[in-house]
Number of protein chains: 2
Amino acid sequence: MAIFSKTCEYAIRAVFYLAQKSASGVKSGIKDIAAGIDSPELYLGKILQDLSRKGLVASSKGPNGGFFLSSEMLSLPLIEIVRAVDGDSLFTGCGLGLKQCSEINPCPLHNEFKDIRQKIALMLNRTTIGSFNRELIEGLLSLKK
Amino acid sequence: MAIFSKTCEYAIRAVFYLAQKSASGVKSGIKDIAAGIDSPELYLGKILQDLSRKGLVASSKGPNGGFFLSSEMLSLPLIEIVRAVDGDSLFTGCGLGLKQCSEINPCPLHNEFKDIRQKIALMLNRTTIGSFNRELIEGLLSLKK
DNA sequence: ATAATAAAAGATATTTTTGTCTTTTATTAT
DNA sequence: ATAATAAAAGACAAAAATATCTTTTATTAT
């Protein structure tokens, strides 16, 4: 198992890609993005449509159109993307899948998971969508393969 | 998304259930276990068969038969179950799904994930299958609902 | 106005995961 | 030996996630 769904992995890689392009004022078509992050083009289209409806990425149609991020979007924490795509089960769900797991009715790993979930949330909260622009532009970080 | 697959959640809950029963020398049938952890009976059968083949749980057929854990099994770290069911992608895979992500070719979240994966592995390494027997017997911990 | 471009939307297909059904095999008690 | 019990195994089914195909809508440049 991975931490994120495949859909969410594509979404995160796509917004990192867009962040880097948007910082220099460039819009990107689905084709570009899919090539840039090595994802299935049409599937990625669906994902970005969804993020667009939710206001986490911007888009414009027609010639010279494409997807891009506003400066406000660039400074959103990455957790917004994860929440939009995978929901918040990663941050609130029981590690053993119990619906009624809670402080007063805990599963065996309740406290252990509380700790781990919190660390994941903290990491995703302090990482903004635009965090890695410099390293991405310099080619120090990879979004594909 | 959850950290573990549903299959793995059932597997962990089942071994915790078995640990508690096995500590008092009792074998459990699939029906018992499924009722004890609120899981689909036949599906759980498959999961336990698999763990049995891999030597992580013991079983005997026929009247008075059932599943149980040896004392060695009781002291195995929980990570053995996770590895057997979900593989080790949780501990080694890239958080963004990149096949070739590594120290020299890192994804943007490489270091962040290294840290988190390590914490998960640590937790699963120091938790043994029998860790929670006392609390389970006393009814302080829940394995169902 | 028209043609070209690119996202949006809806329908469909494939794959993986989860769950069920049926038959077989091993063990035990009578 | 026989019947009852319980796991093992194989085939099948349903649901969810992932991926693709086709048509529509909006925008821009000519």
Side-chain angles (χ1 to χ4, degrees), chain A residues 1-14 18 21-22 26-69 82 84-87 89-90 93 96-97, chain B residues 1-14 18 21-22 26-69 85-87 89-90 93 96-97:
Chain A
M1 284 284 290
I3 299 273
F4 304 131
S5 67
K6 211 141 204 5
T7 305
C8 192
E9 292 175 353
Y10 292 147
I12 294 173
R13 279 151 57 193
L18 280 176
K21 295 290 182 181
S22 298
V26 174
K27 289 179 194 163
S28 312
I30 292 183
K31 204 158 297 194
D32 286 357
I33 308 171
I37 69 169
D38 191 40
S39 76
E41 193 179 314
L42 294 159
Y43 190 55
L44 181 64
K46 293 297 181 191
I47 298 170
L48 289 175
Q49 268 172 47
D50 181 47
L51 291 178
S52 173
R53 260 181 255 113
K54 291 172 175 162
L56 296 173
V57 310
S59 69
S60 63
K61 290 185 175 182
N64 307 323
F67 292 94
F68 59 98
L69 302 181
V82 175
V85 177
D86 279 352
S89 64
L90 181 58
L96 299 186
Chain B
M1 284 282 290
I3 298 276
F4 304 131
S5 68
K6 211 139 206 7
T7 305
C8 192
E9 291 175 353
Y10 292 147
I12 294 173
R13 279 151 57 192
L18 280 176
K21 296 289 182 182
S22 298
V26 174
K27 289 179 195 162
S28 312
I30 292 183
K31 203 159 297 194
D32 287 356
I33 308 171
I37 70 169
D38 191 40
S39 76
E41 194 179 313
L42 294 159
Y43 191 53
L44 181 63
K46 293 295 180 192
I47 299 170
L48 290 175
Q49 268 171 47
D50 181 47
L51 291 179
S52 174
R53 260 181 255 113
K54 290 173 175 162
L56 295 173
V57 311
S59 70
S60 62
K61 290 183 174 183
N64 307 324
F67 292 92
F68 60 98
L69 302 181
V85 177
D86 278 351
S89 63
L90 181 58
L96 298 186

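What you see is a predicted model; the values in this text were computed from it and never measured.
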Angle between terminal axes - the helix from C/dA1-D/dT30 to C/dT30-D/dA1, 5 pairs each end, rounded to 10°: 0°
side-chain N/O B/Ser59 vs D/dA8 OP1/OP2, d < 4.0 Å: yes
Donor-acceptor contact below 3.5 Å, side chain A/Ser89 vs main chain B/Met1: yes
Base C/dG10 to side chain A/Lys46, donor-acceptor N/O within 3.5 Å cut-off: yes
Toward the 5' end of DNA chain D, by each residue's nearest nucleotide, A/Pro40 or A/Asn64: A/Pro40
A/Ser52 vs C/dA8: side-chain N/O to OP1/OP2 distance below 4.0 Å: yes
Sugar-phosphate, base or nothing in reach of A/Leu48, heavy atoms under 4.0 Å: nothing
Contact under 4.0 Å: A/Ser5 side-chain N or O vs D/dA17 OP1/OP2: no
Which residues share a ring-ring contact (aromatic ring centres under 6.0 Å, His included) with B/Phe68, sequence neighbours left out: none
Side chain to side chain, B/Leu69 and B/Leu56, heavy atoms closer than 4.5 Å: no
Under 4.0 angstrom between A/Tyr10 side-chain N/O and D/dA19 OP1 or OP2: yes
Give each protein N/O atom lying under 3.5 Å from an N/O atom of nucleotides 23-27 of chain D, with the pair distance.
from	atom 1	to	atom 2	distance (Å)
D/dT25	O2	A/Lys61	NZ	3.3
D/dA26	O4'	A/Lys61	NZ	3.3

Residues B/Asp50 and B/Lys54 bridged, charged N to O under 4.0 Å: yes
B/Glu41 to B/Ala34 - nearest heavy-atom pair and separation: CA-CB, 3.8 Å
Closest non-hydrogen atom pair between A/Phe67 and A/Val57, with its separation: CD2-CG2, 4.0 Å
5'-most by nearest nucleotide on DNA chain C - B/Phe4 or A/Gly65: A/Gly65
Where B/Leu44 and B/Ala14 come nearest, the two heavy atoms and their spacing: CD1-CB, 3.9 Å
Touch class at under 4.0 angstrom, heavy-atom based, for B/Ser39 against every strand present: nothing
